[in-house]
S.K.: 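Below is one structure. I have some questions about it.
Given the structure is predicted, the values throughout are model-derived calculations rather than measurements. Counting starts at 1 for both ligands and their atoms, in listed order.
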Amino acid sequence: MSGERTRPVAGVPGVDFTVDDVRGRFPVELEIKPLSRPVDATVRVPGSKSVTNRALVVAALADGRSRILNPLFSDDSYWLMDALVRLGFGVRADREGGEVEILGLGGRVPNEDVEVFVGNAGTVARFLPPALALGPGPYRLDGVPRMRERPVGDLVDAMRELGAAVRYADGEGRFPLVVEGGGLRGGTASVEGSKSSQFLSGLLMAAPYAREGMTLEVEGELVSKPYVGITTGVMRSFGVGVEEEGGRFTVRPAAYGARDYPVEPDASGASYFMAAAAVTGGRVEIPGLGSSSPQGDLRFAEVLERMGCEVRIERDRVAVQGPRRLRGVDVDMNAFSDTMITLAAIAPFADGPTTIRDVEHTRHQETDRISAVATELARLGADVREHRNGIRIIPRETRPTSIRTYDDHRMAMGFAVTGLVAAGISIQNPACVTKTFPDFFRKLDALR
Ligand SMILES: O=C(O)C1=C[C@@H](OP(=O)(O)O)[C@@H](O)[C@H](O)C1
Ligand SMILES: C=C(OP(=O)(O)O)C(=O)O
């Protein structure tokens, strides 16, 4: 699992392994051998983490049986499914068949007095508390040690404004939390958006079942904006509309309808393979991801285009052809910062500096990402300038390096792409990829 702490899990019917089992199959360190020729591949990436975990929450709140098709099976979705089982929802996963069935209870949470473990999944940590306020409670939520450092206070403040009884079981502003339950009054609340968009998304998904409906006014600059569009899109698909006007989101009392819901491939996961095409001057095609995708991380393809790649985004696929020489870029990645590490990891091979701006919020994620990237790029030989909210990378010749990943899946996946072109790269603790992409190294190996 993502982190050092484990605890007994309820187990998800149809999933016959634990997160620890999967992690145990990885070596302590993995050497990445450079490719002997440019990449030329069609890569099927797993279902989107963000869409999967929204669909699971909304399906549990809907009335009746839903099937989530092509869901992501990884630590982050496992912890959500495990939580739903503990809470008393009917969940049946079929990994081979690529689906999860959820029996939703129309806004009711059946079990009281439940302990929920969220791992290091921001989506589980921030999406469940508002939904749990609807149940009888109490619900105690905890995660790995890093989750105890990640921000949640802005969510708790907004929940309290909406009439939810929620308290900190340990330190103020941090996990673990206790949600007392008893229903959600709703009404108007402000929610701070500058640390994470997940607070707003979590509140919106529970909003239809608040007695007075909900109006949320975003305070501060909302980071990772496209994720809110993913939230409202999933809600709309399950029959509930969100009115949005100038940073004000209104949801009227309503009920989700159960349905079959297909999950599109994960755009953040796809970024590593697009980057592989870019740095090797090769070609990669990602089927199933296309121009109508709500995933902001698809904008990474536009960054590659600015770096000299030829990019085609069609209705149901994305194709990237790498250039002979990659250009450095200056880019604001606030809206799609999960691909920041992917860009940083190929920046050493551009013909000039790359500047990544406005990503201070990534300091609160799996690790302090700006600092982790700066440290490892410097160890790799690049000339790096770290700023409070960004980073500038000036390419220099790379040297063999054992990359530390700080238990951050994106550090492991990003720098594995570096290893496809630089000699002597190995990845420490490669098992951390199980957070969102357990199969990542097998897919990377298939590029050979
Ligand atoms: O809502 C979501 O699914 C996510 C929102 C983003 O988080 P922040 O809003 O905290 O930046 C993103 O980094 C994360 O991987 C997934
Ligand atoms: C920031 C990420 O995850 P989380 O959902 O835990 O915030 C991520 O996947 O890059």
S.K.: Please answer whether the main-chain N or O of Arg174 pairs with a side-chain N or O of Arg148 as donor and acceptor at a distance below 3.5 Å.
M.R.: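 Absent.
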
S.K.: How far is atom 10 (O) of ligand 1 from the closest protein heavy atom, and which atom is that?
M.R.: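 Among all protein heavy atoms, the one nearest atom 10 (O) of ligand 1 is Ser196 OG, 2.6 Å.
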
S.K.: Considering the options Thr188, Val191, Leu216, Asp157, which one meets the side chain to side chain contact (heavy atoms under 4.5 Å, CB included) requirement together with Leu162?
M.R.: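 It is Leu216, the one option of Thr188, Val191, Leu216, Asp157 that forms the side chain to side chain contact (heavy atoms under 4.5 Å, CB included) with Leu162.
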
S.K.: Under 4.0 Å between a side-chain nitrogen and a carboxylate oxygen: does that hold for Arg369 and Asp408?
M.R.: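 Salt bridge present between Arg369 and Asp408.
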
S.K.: Does any N/O atom on Tyr227 come nearer than 3.5 Å to any N/O atom on ligand 1?
M.R.: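 N/O-N/O distance under 3.5 Å: no.
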
S.K.: Would you mind running through ligand 1 and noting each atom that sits below 4.0 Å from a heavy atom of Lys49?
M.R.: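 So the atoms of ligand 1 that pass are 14 (C), 15 (O), 16 (C).
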
S.K.: Are Phe238 and Tyr261 near enough that their ring centres are under 6.0 Å apart?
M.R.: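 Yes: the rings meet the under 6.0 Å criterion.
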
S.K.: Evaluate the ring planes of Phe273 and Phe440, with Trp represented by its six-membered ring, and classify them as parallel (under 30°), tilted (30 to 60°) or perpendicular (over 60°).
M.R.: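 Because their plane-to-plane angle lies in the 30° to 60° range, the rings of Phe273 and Phe440 count as tilted.
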
S.K.: Show me which atoms of ligand 2 lie under 4.0 Å from any heavy atom of Thr123.
M.R.: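 With Thr123 as reference, the close atoms of ligand 2 come out as 5 (O).
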
S.K.: Do we see a donor-acceptor contact under 3.5 Å between the side chains of Ser291 and Arg315?
M.R.: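 No, no side-chain donor-acceptor contact under 3.5 Å.
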
S.K.: Checking a contact table here: which protein heavy atom is nearest atom 1 (C) of ligand 2, and how many Å away?
M.R.: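 Checking every protein heavy atom, the shortest distance to atom 1 (C) of ligand 2 gives Glu366 OE1, 3.2 Å.
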
S.K.: Could you tell me whether some N/O pair between Thr123 and ligand 1 is separated by less than 3.5 angstrom?
M.R.: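 No.
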
S.K.: State, without any angle test, whether Ser201 and Thr231 hold a side-chain donor-acceptor pair at a distance under 3.5 Å.
M.R.: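 Side-chain D/A pair, Ser201 to Thr231: present.
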
S.K.: Which atoms from ligand 1 have a heavy atom of Asp338 less than 4.0 Å away?
M.R.: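 Heavy-atom distances to Asp338 below 4.0 Å select 12 (C), 13 (O), 14 (C), 15 (O).
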
S.K.: Which heavy atom of the protein is the closest neighbour of atom 10 (O) of ligand 2, given with residue, atom name and distance?
M.R.: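 Residue, atom and distance for the closest contact: Arg410 NE, 2.6 Å.
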
S.K.: Run the numbers for me: atoms of ligand 1, each under 4.0 Å from some heavy atom of Phe127, listed by number.
M.R.: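 Those qualifying, in numeric order: 1 (O).
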
S.K.: Between Glu386 and Ser371, do the side chains contain a donor N or O and an acceptor N or O under 3.5 Å apart?
M.R.: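 Per modelled atom types, Ser371 and Glu386 side chains form no pair under 3.5 Å.
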
S.K.: Under 4.0 Å, heavy atoms only, figure out whether ligand 2 is touched by the backbone of Ser196, its side chain, both or neither.
M.R.: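 It is neither part, as no heavy atom is under 4.0 Å.
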
S.K.: Compare Gly193, Ser50, Pro151, Ser48 and give the one whose heavy atom is closest to atom 3 (O) of ligand 1.
M.R.: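 It is Ser50 that holds the nearest heavy atom.
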
S.K.: So do Thr232 and Glu244 actually touch side chain to side chain, heavy atoms under 4.5 Å?
M.R.: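 They are not in side-chain contact.
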
S.K.: Looking only at protein heavy atoms, which one is nearest to atom 7 (O) of ligand 1, and how far off is it?
M.R.: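 For this ligand atom, the closest protein heavy atom is Gln198 NE2, 3.4 Å.
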
S.K.: Run the numbers for me: atoms of ligand 1, each under 4.0 Å from some heavy atom of Gln365, listed by number.
M.R.: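 So the answer, numbered in order with elements, is 7 (O), 8 (P), 10 (O), 11 (O), 13 (O).
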
S.K.: Could you see which bit of Ser201 sits under 4.0 Å from ligand 1, with heavy atoms only: side chain, backbone, both or neither?
M.R.: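 None of Ser201 does.
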
S.K.: Atom 9 (O) of ligand 2: which of Lys49, Arg150, His361 has the nearest heavy atom?
M.R.: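 Nearest heavy atom to atom 9 (O) of ligand 2 lies in Lys49.
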
S.K.: May I ask you to check whether Ser224 has an N/O atom sitting below 3.5 Å from an N/O atom of ligand 1?
M.R.: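 Between Ser224 and ligand 1, an N or O pair is found under 3.5 Å apart.
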
S.K.: When you compare the side chains of Glu192 and Ser194, does any donor N or O come within less than 3.5 Å of an acceptor on the partner?
M.R.: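 Distance-only check passes for Glu192 and Ser194.
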
S.K.: Between His409 and ligand 2, is there a nitrogen or oxygen pair with a distance under 3.5 Å?
M.R.: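 Yes - when backbone and side-chain N and O of His409 are compared with those of ligand 2, one distance drops under 3.5 Å.
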
S.K.: Could you list which atoms of ligand 2 come closer than 4.0 Å to a heavy atom of Gly122?
M.R.: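 Counting atoms of ligand 2 from 1, those under 4.0 Å from Gly122 are 4 (P), 5 (O), 6 (O), 7 (O).
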
S.K.: Under 4.0 Å from a heavy atom of Arg54: give me the atoms of ligand 1 that qualify, with their elements.
M.R.: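 That gives atoms 1 (O), 2 (C), 3 (O) of ligand 1.
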
S.K.: Could you check Asp338, Ile341, Val373, Ile370 and say which one makes a side chain to side chain contact (heavy atoms under 4.5 Å, CB included) with Thr362?
M.R.: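 Testing each of Asp338, Ile341, Val373, Ile370 against Thr362, the sole residue satisfying side chain to side chain contact (heavy atoms under 4.5 Å, CB included) is Ile370.
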
S.K.: Quick check on contacts: which atoms of ligand 2 are under 4.0 angstrom from a heavy atom of Asp338?
M.R.: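 Checking each atom against Asp338, I get 1 (C), 8 (C), 9 (O), 10 (O).
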
S.K.: Find all atoms of ligand 2 within a distance of less than 4.0 Å from any non-hydrogen atom belonging to Ala121, and give their numbers and elements.
M.R.: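 Checking each atom against Ala121, I get 6 (O).
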
S.K.: Using a 4.0 Å heavy-atom threshold (strictly under), name the region of Asn120 that reaches ligand 2: side chain, backbone, both or neither.
M.R.: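 Answer for Asn120: backbone.
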
S.K.: Can you tell if the side chain of Pro46 reaches within under 4.5 Å of the side chain of Phe73, non-hydrogen atoms only?
M.R.: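 Counting from C-beta outward, Pro46 and Phe73 never come under 4.5 Å.
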
S.K.: Any atom of ligand 2 sitting under 4.0 Å from a heavy atom of Arg369?
M.R.: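 A heavy atom of Arg369 does come that close to ligand 2.
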
S.K.: Is a side-chain donor or acceptor of Arg150 paired with a backbone partner of His364 at a separation under 3.5 angstrom?
M.R.: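 Side chain of Arg150 to backbone of His364, a donor-acceptor pair under 3.5 Å: yes, one is there.
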
S.K.: If you measure every N/O of Gln198 against every N/O of ligand 2, is any gap under 3.5 Å?
M.R.: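 Among all N and O atoms of Gln198, at least one is under 3.5 Å from an N or O of ligand 2.
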
